[in-house]
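Note sheet for the following structure.
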Protein chains: 2
Amino acid sequence: MLRMSKMTDYGIVLMTELARAEGDTRTTRELAARTRVPLPSASKVLKGLLQAGLVVSQRGANGGYGLARPATSLSLAELVSALEGPVSLTECGVHATSAMPCELESVCQVRGHWRLINQAIQEALGRLTLADLLAPAPRMPERLVGLGVPSRPQHPAAPPNASSTSVTGVRS
Amino acid sequence: MLRMSKMTDYGIVLMTELARAEGDTRTTRELAARTRVPLPSASKVLKGLLQAGLVVSQRGANGGYGLARPATSLSLAELVSALEGPVSLTECGVHATSAMPCELESVCQVRGHWRLINQAIQEALGRLTLADLLAPAPRMPERLVGLGVPSRPQHPAAPPNASSTSVTGVRS
DNA sequence: TGCAATGTGGACTGAATCGGTCCAGATTAC
DNA sequence: GTAATCTGGACCGATTCAGTCCACATTGCA
Ligand code: SF4
Ligand code: SF4
């Protein structure tokens, strides 16, 4: 479960709720109530979203938050990278944030591959917009088809039950 | 940086090294030395890999680890889910592991969408095999093309610099 | 003017996880 | 029988996560 932090998840839920009232501003309490996100947490997340420039705020009485840009031009990639940091499964390629660059980086043979995988995921996420998440129907728009469809059934030697849902419960 | 745990990363590196000597078994020390992974950690990871059934072990003198199946039939999805648990960015959809099912799940409007996204990533990872990671060249095989290529340039209103690398450094 | 509503910034904490280490066995080759 | 090697588990420090709280600034309205 290479999880996304729960705060990020909250952020996305709140943003979709915010997007349902385009133009209008919503107060933190309203958003929290409609989404069931605990109020203090909602507040915290919205602050973060504000600093990232994804929402605009109106202080004082009758205040509230509103989308900074139309929902159709807010990509999912922007959201998660603003809330969670650069989207990358591995540590390599993000040493921009310094901290601890992976020690093996100099001899690692797989690094190049991960770079491409990360990039692919990032682009896929960038192709989805907030507006796409508004539809209540669980049908995913065609913007993601590239991901799900195996371009060609290449591996004839593919394991019979390798879809990883069969391997659950093995660890933690 | 929705990170994959470092242990998982190690596991993959070790597996590729193990795959370079197909048939032969490699001792933990050898693997650790070649990959620069700290020995105790390598040991730990390999144990996990063993319980997941991805490697086979030979005890005693001249012992070591070997791949349980040919590298061409070991998908990346299997690896990460064995080491890290089910691959899912969100908490919903994995309550199989019980623990804490997301509270909002009953009213969440985005859940359906995430389910598809997770599934897409999972399938993309499942399309890559260990053998694909062996090539030292950073060229990614065509097995991943579906991810990187935008099927059609749909959003004319796409933000000019929304590729998320431009939003780095905003938060931790 | 004063009050109530609302966002802002930051500090704080308890709990969980992660990365890493270590050791007491069991098993096998020679 | 001895050395090499895997096996299972315990263990610990550091970090991060989720969540809460408060003192303050800003605004609308009576
Ligand atoms: S350099 Fe290799 S080991 Fe280090 S984070 Fe990248 S892929 Fe993982
Ligand atoms: S149900 Fe909604 S809020 Fe809960 S984990 Fe799934 S997407 Fe996130």
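Throughout, a chain's letter reflects where its sequence line sits, starting with A, and its residues are numbered from 1.
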First of A:Ala61 and A:Leu50 reached from the 5' end of DNA chain C, by closest nucleotide: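 Its nearest nucleotide lies further toward 5', so the answer is A:Ala61.
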Side-chain N or O of [X] closer than 4.0 Å to phosphate OP1/OP2 of [N]:
| X | N | answer |
| --- | --- | --- |
| B:Asn62 | D:dA4 | no |
| B:Ser43 | D:dT7 | no |
| B:Thr28 | D:dT5 | no |
| A:Ser57 | C:dT8 | yes |
| A:Thr27 | C:dA5 | no |

Atom-pair distance ([atom1] on [X]; [atom2] on [N]), nearest Å:
| X | N | atom1 | atom2 | result |
| --- | --- | --- | --- | --- |
| B:Leu39 | D:dA4 | CG | P | 14 Å |
| A:Leu49 | C:dT8 | CG | P | 11 Å |
| A:Tyr10 | D:dC17 | OH | C1' | 12 Å |
| B:Gln51 | D:dC6 | CD | C1' | 12 Å |
| B:Leu46 | D:dT5 | CG | C1' | 12 Å |
| A:Met4 | C:dT17 | CE | C1' | 18 Å |
| B:Arg29 | D:dC6 | CZ | C1' | 10 Å |
| A:Arg59 | D:dT26 | CZ | C1' | 5 Å |

A:Lys47 side-chain proximity, nearest of C:dT28, D:dC6, C:dG9: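 Looking only at heavy atoms from C-beta outward on A:Lys47, the closest nucleotide is C:dG9.
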Options C:dT21, D:dT16, D:dA18, nucleotide nearest the side-chain atoms of B:Arg3: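 Per side-chain heavy atoms of B:Arg3, the pick is D:dT16.
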Nearest heavy atoms of A:Ala71 and A:Ala19, plus distance in Å: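 Taking every non-hydrogen atom into account, CB-CB, 4.2 Å.
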Closest heavy-atom pair and its distance - A:Thr25, A:Gly63: OG1-O, 3.9 Å
Side-chain donor/acceptor of B:Arg36 to backbone N/O of A:Leu104, under 3.5 Å: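 Flag not set: sc B:Arg36 to bb A:Leu104 has no pair under 3.5 Å.
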Whether B:Arg69 side chain and B:Ser73 backbone form a donor-acceptor pair below 3.5 Å: yes
Side chains of B:Leu39 and B:Thr28 in contact at under 4.5 Å (non-hydrogen atoms): yes
Donor/acceptor link under 3.5 angstrom from A:Lys44 side chain onto base of D:dG19: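 Under the 3.5 Å cut-off, the side chain and the base do form a donor-acceptor pair.
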